[in-house]
Number of protein chains: 4
Amino acid sequence: MAEEDRKTVRSQVKDPDLIRKRHLQIGIKASKLFAKKGYAGSSMREISKATGITIGNLYDYITKKEDVLCLVFDAFYSTWTENLKKHGVFDIEDPAEQLRAAVRKMLELVHNYQDMALLMYRESKHLPKDFLKITLQKETEFIECFEKILKKGKEQKVFNISDPFFAASMIVYQISFESLRGWSLKGRYTDEEIMTYLEEIIMKSVT
Amino acid sequence: MAEEDRKTVRSQVKDPDLIRKRHLQIGIKASKLFAKKGYAGSSMREISKATGITIGNLYDYITKKEDVLCLVFDAFYSTWTENLKKHGVFDIEDPAEQLRAAVRKMLELVHNYQDMALLMYRESKHLPKDFLKITLQKETEFIECFEKILKKGKEQKVFNISDPFFAASMIVYQISFESLRGWSLKGRYTDEEIMTYLEEIIMKSVT
Amino acid sequence: MAEEDRKTVRSQVKDPDLIRKRHLQIGIKASKLFAKKGYAGSSMREISKATGITIGNLYDYITKKEDVLCLVFDAFYSTWTENLKKHGVFDIEDPAEQLRAAVRKMLELVHNYQDMALLMYRESKHLPKDFLKITLQKETEFIECFEKILKKGKEQKVFNISDPFFAASMIVYQISFESLRGWSLKGRYTDEEIMTYLEEIIMKSVT
Amino acid sequence: MAEEDRKTVRSQVKDPDLIRKRHLQIGIKASKLFAKKGYAGSSMREISKATGITIGNLYDYITKKEDVLCLVFDAFYSTWTENLKKHGVFDIEDPAEQLRAAVRKMLELVHNYQDMALLMYRESKHLPKDFLKITLQKETEFIECFEKILKKGKEQKVFNISDPFFAASMIVYQISFESLRGWSLKGRYTDEEIMTYLEEIIMKSVT
DNA sequence: CATGAATGAGCTTTCATTCAT
DNA sequence: AATGAATGAAAGCTCATTCAT
């Protein structure tokens, strides 16, 4: 209880199943609200309305407004990783094939949750210190997935890169391109073009 | 530059020189504050303290808090473009040489104003509509500088890219890598390593 | 009276009984404050103190300071019309008798709520447009009560007037005489004298 | 200097002619502003703009914002009495004729300065105590003009009134009818009709 | 005398948070 | 567990007034 402190959002309620259910409910509904109005721009009243939980009851499941943001990040990572596991990307043997599949899958995911990716960049500043650390840890683990693929490809001499981790970081970064810079491309390119170009650029950068 | 700009932030004060001076003062000091506490998280009283201008006087130079953010963006673009012009990047003939020089220069700039790049991504949401349009225009012009280099290189067959504008957008995006994802690299790489790797990756992506 | 009114001042609070109670409380207490210091001269903090409702809670029952003024007008008209109905003025048959009774009753009322009449003249400028319309409508209805009496009297040749509505307007105006010009009479006449003279003048003006 | 204190608005400036000129200028221009936006609703900045005197200079002729209101009242009484003297109302011998002439003249005056009359009712609350006393004195003197006419008429048995001063007060009050209640008549009556009816009612009230 | 930049108290309003029911 | 009324600190912004030039 002392060391494991703050790994999750504290709640007054006893029933753990109810807590899980409500926490997910809050995270999902609030994420849509935050995407539209931002974290600071959303009041607890609005969060209450969006989640369908009265304001007093909301505070039975959280202790501060920050917690709602943590729940949003939690919910996001849940759906994100879940979606990724469903498609057996990591079963592919050929590194180039595998990388292309992973990148394409991720691009689709980011495309579908565009606001979310942007949201996480924008609002991570408001996360409490200890939760931020956890988040960064999760991101690092995510990068390491790509690092693994790159390392294998480098050993097999199919990839020509100097530093696998650095390259993996850049790939993960590039995947968010549409979310963060999409506005400067909208009108010039179709969604499919954007994803095709991105895939192409990323693949070329490693070969 | 003196007559045509500053139509966006109106002030009560009549002396145009004083306005320019104070606007710059506000933009620079507030940018440091915003980088630390964010736009929404910084109160007008804090901005007043940071700029050294009393709150009432501050409102002689702006009309809304938004305006401070505009001044931050303004100040940023001023120093940014100014710095870029100083080094005769656009005199270089060889496209590859030219691109490398431009990228390296920009990487150094972004490195020195790290918080700023992140700030601009994070807070552009809070810009008023009309000012946002101007900002996007400035960004597009910036991208087009790189597009021009890429086009020339493509014609000379030194660059192998399918869409120069898209590639230019990606390069500009990659240049901000350190600002937006730097935390995942800190501790693993020195500043110099980061810039060298970035330069290498960007150059490879076009050849 | 319960369902149809109070569409003008919206509140966050859900319990309609509580809303009615608080709205009346605000209207009455604020009216005394406004009479003393004027609408513009009374701060929300003072209104809060005067009503005994904390400032945040106050804003659960109103949306703008204007609303407080509306509630003052509401409360005034409520007590005004209520008081008038209590005394069966409109049952009297003889027009002259009826007019004299109505005037006398009104004079007493205005005398008891002296500051209020003055307040309403002074502050109606600050009412929001739509509410002002409602207020004027209520006043017109009030004038029409007197118009009706005058019309009947004119038909029965007991009153000698050229335009009943105009005359009714003037009577209603004269009734507020004490509120608006009382200061120039204080010291010269007793309260009872003022009312007697007023009654006399008004009655003579129609015969 | 001790007893006569505060009879007028104090000024830093030495030249008495300039003071008079500026005071009148301020009073006239500010009156139009106050009529539109009210005393409390007009800022010193607006007053400065309306008068064409810079804010600092303004404070060379006044000491507080209140003073501007005093100057408005002063300017008003100046033009008012001036206008009244021009027409030789007080030379008429027959009391009824004289009263009718005075009333008609005043009605025209009030009609032309409608906003002003309303303004004075509304804003007299904001006058400093000592100045208010002077204002009331001036008003009383004005009422006494009518009282004199009524007294003469009463002695000659052409007027049938019980208390001349009270009746005079009421007449002065009725003269402002259009200013204070005009909105409820607009649309129903022409300006000329209003004045004719008013004259008729007032004359009947004394005979 | 005139100018207008500077001051800071005070205004209206919002909002995270608590707590009696 | 759930409700929503109540709290008050703090936010953005205005404005009468001063004062150096």
Side-chain angles (χ1 to χ4, degrees), chain A residues 11-15 18-19 22 40-49 52-68, chain B residues 11-15 18-19 21-22 40-48 52-68, chain C residues 11-15 18-19 21-22 40-48 52-68, chain D residues 11-15 18-19 22 40-49 52-68:
Chain A
S11 150
Q12 296 272 59
V13 177
K14 304 291 172 193
D15 180 351
L18 189 55
I19 294 177
R22 289 273 186 271
S42 307
S43 69
M44 286 305 294
R45 256 197 181 88
E46 288 171 306
I47 293 170
S48 159
K49 210 160 280 170
I53 303 173
T54 55
I55 227 165
N57 198 201
L58 211 47
Y59 272 91
D60 288 336
Y61 295 98
I62 60 169
T63 45
K64 309 179 106 251
K65 194 190 173 191
E66 279 180 350
D67 290 346
V68 179
Chain B
S11 60
Q12 287 275 10
V13 175
K14 311 218 165 155
D15 182 352
L18 191 55
I19 293 177
K21 184 185 148 194
R22 289 272 187 274
S42 306
S43 73
M44 284 307 296
R45 289 194 229 294
E46 287 172 308
I47 293 170
S48 160
I53 303 174
T54 56
I55 220 162
N57 197 206
L58 206 49
Y59 272 93
D60 286 337
Y61 295 97
I62 60 170
T63 47
K64 309 176 106 244
K65 191 190 175 190
E66 275 181 354
D67 289 346
V68 179
Chain C
S11 60
Q12 287 275 9
V13 174
K14 312 217 164 154
D15 181 352
L18 191 54
I19 292 177
K21 184 185 149 196
R22 289 273 187 272
S42 306
S43 72
M44 285 306 296
R45 286 192 241 282
E46 287 172 306
I47 294 171
S48 160
I53 303 174
T54 55
I55 219 160
N57 198 206
L58 206 49
Y59 272 92
D60 286 337
Y61 295 97
I62 60 169
T63 48
K64 307 178 107 244
K65 192 190 174 190
E66 276 182 353
D67 290 345
V68 179
Chain D
S11 151
Q12 295 272 60
V13 176
K14 303 291 170 194
D15 181 353
L18 190 55
I19 293 177
R22 289 271 187 272
S42 306
S43 69
M44 286 305 294
R45 256 197 182 87
E46 288 172 305
I47 294 170
S48 158
K49 211 161 280 170
I53 303 172
T54 55
I55 226 164
N57 199 201
L58 213 46
Y59 272 91
D60 289 335
Y61 296 98
I62 60 169
T63 45
K64 308 180 106 251
K65 193 191 174 191
E66 278 180 350
D67 290 345
V68 180

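From a predicted model like this one, the values you see are computed outputs, not experimental measurements. Side chains are part of it too, since the values below use all heavy atoms of this structure and drop only hydrogens, waters and symmetry mates. Sequence lines set the chain letters: A, B, ... in the order given, protein chains first and strands last, and positions in each chain run from 1.
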At what distance, to the nearest 0.5 angstrom, does [atom1] of [X] lie from [atom2] of [Y]?
X	Y	atom1	atom2	value
D/L18	D/D15	CG	CG	5.0 Å
B/I62	B/I53	CD1	CD1	9.0 Å
A/S43	A/K49	OG	NZ	8.0 Å

Considering only nitrogen or oxygen atoms on both sides, find all protein atoms under 3.5 Å from nucleotides 12-14 of chain F and state each distance.
unit_1 : atom_1 : unit_2 : atom_2 : d
F/dG12 : OP1    : B/K65  : NZ     : 2.7
F/dG12 : OP2    : B/M44  : N      : 2.6
F/dG12 : O6     : B/R45  : NH2    : 3.2
F/dC13 : OP2    : B/Y59  : OH     : 2.6
F/dC13 : OP2    : B/K65  : N      : 2.8
F/dC13 : O5'    : B/Y59  : OH     : 3.3
F/dC13 : N4     : B/R45  : NH1    : 3.4

Residues which pass side chain to side chain donor-acceptor pair (under 3.5 Å) with C/D67, listed by chain and number, not counting sequence neighbours: C/T63

Those residues at least two apart in sequence (or on a different chain) that pass side chain to side chain donor-acceptor pair (under 3.5 Å) with C/R45 are none

Taking any atom closer than 4.0 angstrom to a non-hydrogen atom of chain D, what span of DNA chain E does the protein reach, first nucleotide to last? E/dC1 to E/dA5

Going by heavy atoms in the side chains, are D/R22 and D/D60 under 4.5 Å from each other? no

Identify all stems in which DNA chain F takes part, counting only runs of at least 3 consecutive pairs (Watson-Crick or G-U wobble, each distance under 3.5 Å), and give each as one range with another, ordered by first number. E:2-21 with F:2-21

Protein-nucleotide distance (D/E46, atom CD; F/dA16, atom C1'), rounded to Å: 13 Å

Please give, in whole Å, the distance from F/dA2 P to A/L58 CG? 11 Å

What nucleic acid atoms does B/I53 come within less than 4.0 Å of, heavy atoms only: base, sugar-phosphate, or nothing? nothing

The side-chain contact (heavy atoms from CB on, under 4.5 Å) partners of B/E66 (sequence neighbours excluded) come to B/Y39, B/K64, B/P128

Does B/S48 have any side-chain contact (heavy atoms from CB on, under 4.5 Å) partners at least two apart in sequence or in another chain, and if so, which? B/I55, B/L58

Give the minimum heavy-atom separation between D/I19 and D/K14, together with the two atoms involved. CD1-O, 4.5 Å

I want to confirm an ordering. Mapping D/V13 and B/Y61 to their closest nucleotides on DNA chain E, which one lands closer to the 5' end? D/V13

